Participant: 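Pasting in a structure now, in structure tokens, and then I'll have a few things to ask.
Keep in mind that this is a model prediction, so the values were computed, not measured. Residue numbers begin at 1 in each chain, while the letters A, B, ... track the order of the sequences.
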Amino acid sequence: MAASPPSPSFDNQTNQSSSSDDEEANARLESDIRERNEFTKRLRKRDDEQTKKKFKSEPVSRDPHRSKLSVEELRKKSRRVYLAARKDKKIHELEEELIDEEYLFKDVKLTKREEENIKFKRYALDLAHEHEKAQQMENIDRYHMPDGKSDETSKNDRYREDNRYSDAKANGQAGQNFEQRKWEDEVIHTALPHFGSLDKEAKSNQPKYDYILDEEIQFVQQLTIPGVNELLQYKEKSKINEHEDENKRKHRSLQESRKTLPIYRFREDLMNAIRDHQVLIIEGETGSGKTTQLTQYLYEEGYCEPDTENVEEEEEEEEEDYDDDDNIKLPNGKKKKEKKMMMIGCTQPRRVAAMSVAARVAEEMNVKLGREVGYAIRFEDCSSERTIIKYMTDGMLLREFLSEPDLASYSVLIVDEAHERTLHTDILFGLVKDIARFRPKLKLLISSATLDAEKFSQFFDDAPIFRIPGRRFPVDIYYTKAPEADYIDAAVVTVLQIHVTQPLGDVLVFLTGQEEIETANEMLLERTRKLGTKIKELIILPIYSTLPSDMQIRIFEPAPPGARKVILATNIAETSLTIDGIHYVIDPGFCKQKTYNARNGMEALTITPISKASANQRAGRAGRVAPGKCFRLYTSWAYQHELDDNSIPEIQRTNLGNVVLLLKSLGINDLVNFDYMDPPPMETLRLAFEQLYALGALNHKVELTKLGRRMAEFPLDPMLSKTILASETYKCSAEILTIVSMLSVNNSIFFRPKDKTLLADTARQGFFTPGGDHLTLLNVYNQWKDTNYSTQWCYENFIQFRSMNRARQVRDQLEALMERVEIEIQSNPADTIGIRKAICSGFFYHTAKFSKNGMYKTVRHQQSVLIHPNSCLFDQIPRYVIYFELVLTTKEYMRQVIEIENEWLRETAPHFYKTKKLDDDNKVKKMPKVLGKIKAELERNYS
DNA sequence: GAGCACTGC
């Protein structure tokens with residue numbers, strides 16, 4: 001996908017130079033692609049020449065920036081040339097792809113989704129061609145000059161978004177914003193216009209090709225996301241009673257602040273609704289208090305009391321000895337005793353959320369965290385026998401199904417942040433809906449922030465929706481007038497525009513990755529340096545997940561007086577962390593997304609346009625502490641027509657091996673007809689079944705085998721679990737545990753700072769171990785272990801301490817699980833063949849053979865692939881290799897590779913590889929009929 | 001000779 005979405009064509013009426021008439025006619029008539037590309041090139045060349053002339057004849061300016069103009073312009077131009085070339089390349093790729101797909105799948109029945117995908121590609125290509133034509137006919141001004149009164153410029157504007165604006169105005173939406181806009185105008189006109197003057201007259205006197213003006217971007221204000229300000233914002237200070245001790249006072253003020261939350265006013269209605277309905281969809285903005293208050297209200301209403309119907313059947317438990325310091329009294333005065341209380345469970349998609357919310361609730365209820373209020377996340381269970389309110393990650397609840405399939409100890413389940421649609425949440429939906437059918441007393445609350453609660457309601461048999469207005473300040477949304485070709489550049493320009501025209505308040509810029517953040521950082525530094533003391537101080541702070549912790553913390557430090565913070569962030573700032581003090585958000589409209597191609601098992605990270613839901617989430621980040629503004633670097637038309645409503649749920653773009661195994665071990669046999677809110681792609685399910693069968697986790701009747709049951713104990717991909725189980729045979733479980741743990745921390749072991757690439761590479765190569773990358777990882781871990789897990793050692797060897805620590809945690813967990821599957825921990829470090837054979841037992845499916853064309857071919861899909869340049873086998877050519885994963889980056893690469901012998905395949909996976917004479921090539925056995933049946937069933941269901 | 005968004009068990 002191209003970095004810039006295909007833009008709509010415009011009706012254009014701008015000047016065409018007469019010399020291009022013939023060419024233009026040709027272009028219209030000639031539909032041949034090659035011709036058109038040639039034509040574009042010629043036009044571009046001519047345009048470039050004109051630009052050059054313009055700059056040659058440009059009068060010398062008194063502006064001090066002007067002296068550096070040519071360098072700047074050259075840089076800009078090269079960027080433009082690069083982008084143009086990239087666009088051509090991308091269009092060409094798209095065309096090829098379409099031709100390929102039409103050829104490849106002409107006789108194949110495609111699923112609806114696949115058909116839509118092709119349709120979309122064709123549509124995108126058409127748009128791109130149209131756009132190209134429009135560009136050829138127009139000497140485009142890249143940016144339009146702002147005049148600060150966006151609502152008046154629409155009169156003779158040729159862009160569609162203005163029509164939309166008028167529509168909005170006709171609908172009265174613009175009227176709602178009147179006050180806001182007045183304030184806005186005042187602010188703009190009182191701001192110091194050093195740079196990017198808003199004075200119309202001054203502007204018209206300047207030459208059109210003026211550098212500074214060329215850099216400005218015009219925004220159109222569209223809508224304001226309303227806030228619920230009212231009195232809710234106002235927190236009444238508790239009257240200080242001198243006789244109250246510190247603790248009580250704190251508790252009292254906490255109780256008072258609970259009452260200021262928006263949800264408080266709806267408590268009674270909400271409780272009535274929950275009493276009357278088994279399933280309720282709760283829609284509320286973040287900050288409405290639902291996550292912290294809902295559980296407490298439910299507790300106060302008595303939802304934790306033991307299930308009286310079952311009391312008689314159970315034996316009386318011994319009285320426990322905690323009554324003395326028990327602070328919790330049920331509303332009717334009974335103390336928690338005798339019978340096990342029922343639990344209120346609340347799931348969160350993230351670990352930190354589960355922890356921090358639990359801590360907050362414990363504080364509000366004045367109990368110790370981990371007792372009545374607790375949380376459970378991977379590696380850490382902070383709950384006890386007496387826990388009645390339990391926060392946990394969604395994956396944790398999913399695992400609880402394994403030990404308690406009906407979740408009998410819960411009286412209420414709250415699935416919070418359901419709109420995020422994580423893989424685990426999606427699976428939970430189906431399971432929880434099912435148990436609600438045979439447990440009529442169980443209450444189910446699905447809590448979501450977006451406006452698509454309807455979908456949840458439909459899924460849960462038309463469950464009622466309860467809406468809680470949020471506590472949020474209004475956010476004004478601005479769109480660009482024209483599409484931006486280079487969104488990093490546009491983002492940088494917008495930051496500077498905000499900095500010189502808007503009142504103080506921090507800026508948050510959403511970019512797609514580390515590289516973009518670094519680029520933007522450099523650009524901003526350079527431009528602010530040039531502006532010198534003309535502008536106030538601008539503090540630029542990057543944030544992304546792999547940034548070292550000490551750097552991450554810096555974003556939370558407040559800006560010094562008179563200065564402004566600019567935070568350049570990845571998607572991490574969209575949901576995972578919240579930064580106070582943000583008044584302005586800049587949203588280029590893209591993010592990186594992992595895609596999974598089940599046809600060849602290849603993963604890729606691609607830059608894709610975000611969804612409307614995501615865009616709104618980003619905008620909301622500007623209105624947490626005060627009214628804010630969000631600048632979207634795309635047109636309102638693009639928002640309306642090119643962005644999907646919601647992001648594709650994770651279940652549709654990820655490998656499902658582990659989930660299928662988990663569901664199988666829960667006794668859910670029919671995964672094809674499982675109650676999915678959105679079903680996963682057929683290919684993904686099929687591949688999961690096929691792999692589980694090949695691994696021996698499923699038998700010919702597609703039933704879970706004993707091996708499969710043991711594999712399901714591990715929170716890992718089935719191939720990794722199988723590797724662990726196979727390590728028993730080769731007596732090297734200790735080594736395999738380490739390797740598996742290292743593999744599961746996501747390629748972030750080696751640290752490679754930009755200014756020390758050579759040193760870092762040398763350090764990495766120092767760890768290389770004969771046999772392959774898995775053994776290299778083992779080597780790294782063991783050396784680290786020998787230093788007693790030293791931080792300093794990591795630093796010296798360009799190893800990421802955080803990743804190593806995580807690997808260690810994973811390893812500890814896996815080691816504990818080994819006991820459950822009754823495998824002894826045995827170490828055999830010298831037997832690298834045994835270690836590799838164990839890996840082979842789990843990953844025989846991921847074999848590639850060197851082929852005549854100088855590339856490797858995967859045995860299963862005959863996909864041409866290469867060894868990743870970071871691999872220690874990169875400059876060797878083993879005949880057979882096993883890879884951990886396939887990734888598509890600039891090329892198709894195998895990442896984490898080991899060398900194996902041909903015979904090992906037949907030894908470790910005789911059921912998968914045909915046994916023939918030695919030296920013969922291994923041929924993959926045909927899959928048994930039963931898998932064909934699954935495929936047929938899948939096809940029936942998906943057609 | 002590459003290039004890694006973010007979660008989670």
Participant: Output the single nucleotide from B/dC4, B/dC9, B/dC6 whose closest atom is nearest the side chain of A/Y544.
Facilitator: B/dC6

Participant: Of all the nucleotides listed (B/dG8, B/dG3, B/dC4), which has the minimum atom distance to the side chain of A/R351?
Facilitator: B/dG8

Participant: Closest approach to the side chain of A/M396, judged atom by atom: which nucleotide of B/dC9, B/dG1, B/dC6 is it?
Facilitator: B/dC9

Participant: A/K592 has a side chain; which of B/dG8, B/dA5, B/dA2 sits nearest to it?
Facilitator: B/dA5

Participant: Determine yes or no for a side-chain-to-main-chain donor-acceptor pair under 3.5 angstrom, with A/N521 supplying the side chain and A/I540 the backbone.
Facilitator: no

Participant: Map A/R399 and A/R653 onto DNA chain B by nearest heavy atom, then report which one ends up closer to the 5' terminus.
Facilitator: A/R653

Participant: When the aromatic ring centroids of A/Y487 and A/F590 are compared, is their separation below 6.0 Å?
Facilitator: yes

Participant: Using only heavy-atom distances, decide whether a donor-acceptor pair under 3.5 angstrom links the side-chain of A/R895 to the base of B/dA2.
Facilitator: no

Participant: Please name the pair of heavy atoms, one in A/M742 and one in A/L777, separated by the smallest distance, quoted to 0.1 Å.
Facilitator: CE-O, 3.5 Å

Participant: Please report, rounded to the nearest Å, how far the C1' atom of B/dG3 is from the CZ atom of A/R752.
Facilitator: 9 Å

Participant: May I have the distance from A/I648 (atom CD1) to B/dC6 (atom P), rounded to whole angstrom?
Facilitator: 19 Å

Participant: Taking CG from A/L398 and C1' from B/dC9, how many angstroms apart are they, rounded to a whole number?
Facilitator: 9 Å

Participant: Give the rounded distance in Å between these two atoms: CZ of A/F751 and C1' of B/dG3.
Facilitator: 15 Å

Participant: Would you call the rings of A/Y781 and A/W784 parallel, tilted or perpendicular, where under 30° means parallel and over 60° means perpendicular?
Facilitator: perpendicular

Participant: Rounding to an integer number of Å, can you tell me how far A/F874 CZ sits from B/dG3 C1'?
Facilitator: 14 Å

Participant: Starting the side chain at C-beta, find the nucleotide from B/dG3, B/dC9, B/dA5 nearest to A/T890.
Facilitator: B/dG3

